[in-house]
Trainee: 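Pasting a structure here, questions to come.
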Amino acid sequence: MQSRICEMLGIKYPIFQGGMAWVADASLAGAVCEAGGLGIIAGGNAPKDVVRAEIRKIKEITDKPFGVNIMLLSPHAQDIVDLVCEEEVPVVTTGAGNPSKHMTRFKEHKIKVIPVVPSVALGMRMEKIGADAVIVEGMEAGGHIGKLTTMSIVPQVVDALSIPVIAAGGIGDGRGMAAALMLGADAVQIGTRFLVAKECTIHENYKARVLKARDIDTVVTCQHFGHPVRTIKNKLSKEYDRLEIQELKQEEPDLAKFDELGQGALRKAVVEGDTDYGSIMAGQIAGLIKKEETAAEIIDSYMSETKAIINDKFNQWN
Ligand code: TUI
C-alpha cells in the first residue's frame with residue numbers, strides 16, 4: 001500500500017509512531033523504522049544532549065528515515081530545533097504549539113516538516129508557509145489534546161488542504177486505520193498501541209495499566225485550566241479533578257497549582273512505574289489493547305487488517 005506520504009518520506013508503510021514524551025526513544029523509534037513505519041524520537045521536555053544521544057543511537061539501529069518530535073511548550077524547544085538541523089534529521093513533527101517561527105530554518109536544512117494541527121485554520125496556515133504534511137489528532141488521543149474528534153476533524157482538514165494528512169487519535173487497529181484512510185487521510189499516527197511494544201522501554205507497571213484498561217478508563221484533566229491531557233484514571237487524575245472543582249469556585253484561580261501537580265508526573269509513571277501519582281498518558285483505544293507485541297508485529301497487524309477490510313468491502317459492493 002504505497003501512498004504519496006510513503007514516497008515523500010521513503011518509508012514502506014503509511015504508519016507513524018507518535019513522538020510520545022519520555023516514551024519514544026531510539027529503541028522504540030528504531031524498531032518502528034526497521035519494521036517499515038516512521039519511527040519518531042520524542043523531544044518532549046528533554047534537553048539537547050539527551051535528545052542528541054537518542055538521535056545518534058537510532059542512526060546505529062537503522063539507516064531508514066526517522067523523525068524527531070519537537071514539543072513546542074518545552075523550554076528546550078529552540079535547542080531541539082538547532083539540534084535537528086545539526087544532525088540532519090530527515091523528518092520533524094511538532095506538537096503543542098505553532099511552529100511558524102522555525103519553518104525557514106527547517107526548510108534551509110531540507111527537513112520535512114509535519115506539524116500537528118488542532119484546527120482547519122492552523123492547517124491552512126501551515127500549508128501556506130511550507131509544511132510538507134500535517135498530522136490531525138483527535139481528542140481520542142492520549143496526552144495533550146485538542147477539542148475535536150478524529151472522525152470530525154480529519155475530513156474537514158482533508159477538504160481544506162492539498163498536502164497529505166496523517167490521522168491520529170483513536171486508531172487502535174486495522175479497523176481504525178481503514179476508517180482513517182476512508183476519511184481521506186494518507187497515513188495514520190499510532191501512539192497508545194506502541195506503548196506496549198516489546199521495544200518500548202517504559203516501566204512494566206505503565207504497560208500493565210494500559211493492558212488492563214477498559215473502554216471507560218481514560219479521563220481528561222485540566223479541561224478548564226492549562227492544557228487538557230488524557231490519561232488513565234488514577235489517584236493523580238482524581239487529585240486534578242478535586243483541584244479543578246476547587247479552583248472553578250475561585251474568582252482568581254491559582255494556575256500554578258496545576259503546574260505543580262503535573263511537575264514530573266509523566267516521568268514518575270514512565271520511569272519509576274508510579275501508576276498512582278504518575279501521569280499514565282494513553283488514548284481511548286487503550287481498552288482494545290490486549291497483548292505486548294514487537295513493533296513489527298503491531299505494524300504487520302495494522303497493515304494486514306486494513307488491507308483485508310478494504311478488500312472485503314470492495315468485493316461486497318462489486
Ligand atoms: O502534543 C501532543 N501531545 C502531548 S505533548 C505532551 S507533554 C505535555 N504534558 C502536559 C501538558 C502539556 C504537554 C503530552 N502529549 N499532541 C499534539 C498536539 N498538538 N495536541 C494539540 C496540539 C496543538 C495545540 C495547539 C497544536 C498546535 C496548537 O496551536 C495553538 C497555536 O498556538 O496556534
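Predicted model only: the values in this text are computed from it and were never measured. We count ligands from 1, going down the list as the structure has it; atoms in each ligand are counted the same way. The basis for the numbers below is simple: all heavy atoms, side chains too, and nothing from hydrogens, waters or symmetry mates.
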Trainee: Given His144, Arg125, His227, identify the one with the heavy atom nearest to atom 2 (C) of ligand 1.
Mentor: His144
Trainee: May I ask whether Gly97 has any heavy atom positioned less than 4.0 angstrom from an atom of ligand 1?
Mentor: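 Under 4.0 Å: yes for Gly97.
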Trainee: Tell me, which protein residue and heavy-atom name are nearest atom 22 (C) of ligand 1, and how many Å apart are they?
Mentor: Ala96 N, 3.6 Å
Trainee: Any nitrogen or oxygen of Val229, side chain or backbone, less than 3.5 Å from one on ligand 1?
Mentor: no
Trainee: Side chains of Thr192 and Arg230: any donor to acceptor distance under 3.5 Å?
Mentor: no
Trainee: Parallel, tilted or perpendicular: which one describes the rings of Phe258 and Tyr240, with boundaries at 30° and 60°?
Mentor: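 Phe258 vs Tyr240 ring planes: parallel.
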Trainee: Do Arg214 and Asp217 sit within salt-bridge range, that is, some charged N less than 4.0 Å from a carboxylate O?
Mentor: yes
Trainee: Of all heavy-atom pairs between Ala133 and Ile166, which one has the smallest distance, and what is that distance?
Mentor: CB-CD1, 3.8 Å
Trainee: Give me the residue, atom name and distance of the protein heavy atom closest to atom 18 (C) of ligand 1.
Mentor: Val116 CG1, 3.5 Å
Trainee: For atom 31 (C) of ligand 1, what's the nearest protein heavy atom and its distance?
Mentor: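 Result for atom 31 (C) of ligand 1: Asn98 CB, 4.0 Å.
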Trainee: Report the part of Glu137 (side chain from C-beta onward, or backbone N, CA, C, O) that has a heavy atom under 4.0 Å from ligand 1; answer both or neither where that applies.
Mentor: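 Contact part for Glu137 vs ligand 1: side chain (C-beta onward).
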Trainee: I'd like to check the salt bridge (Lys or Arg N to Asp or Glu O under 4.0 Å) partners of Asp132; sequence neighbours left out, ordered by chain and number.
Mentor: Lys107
Trainee: Which residue holds the protein heavy atom closest to atom 12 (C) of ligand 1, what is that atom called, and what is the gap in Å?
Mentor: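 Checking every protein heavy atom, the shortest distance to atom 12 (C) of ligand 1 gives Leu73 CD1, 3.7 Å.
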Trainee: Between Glu86 and Lys48, does at least one N-O distance fall below 4.0 Å, as a salt bridge requires?
Mentor: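 Looking at Glu86 and Lys48, the cut-off is met.
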Trainee: Identify the closest protein heavy atom to atom 29 (O) of ligand 1: which residue and atom is it, and at what distance?
Mentor: Leu122 CD2, 3.5 Å
Trainee: Among all protein heavy atoms, pick the one closest to atom 25 (C) of ligand 1 and tell me residue, atom and distance.
Mentor: Pro118 CG, 3.7 Å
Trainee: List for me each residue that meets side-chain contact (heavy atoms from CB on, under 4.5 Å) alongside Val271, sequence neighbours excluded, and say none if there are none.
Mentor: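 Trp22, Arg267.
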Trainee: Tell me which protein heavy atom sits closest to atom 7 (S) of ligand 1, plus the residue, atom name and distance to 0.1 Å.
Mentor: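 For this ligand atom, the closest protein heavy atom is Met71 CE, 3.8 Å.
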Trainee: Is it true that Glu239 and Arg242 have a side-chain N and a carboxylate O under 4.0 angstrom from each other?
Mentor: yes
Trainee: To the nearest 0.1 Å, how far is atom 9 (N) of ligand 1 from its closest protein heavy atom, and which atom is that?
Mentor: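 For atom 9 (N) of ligand 1, the nearest protein heavy atom comes out as Met281 CE, 3.8 Å.
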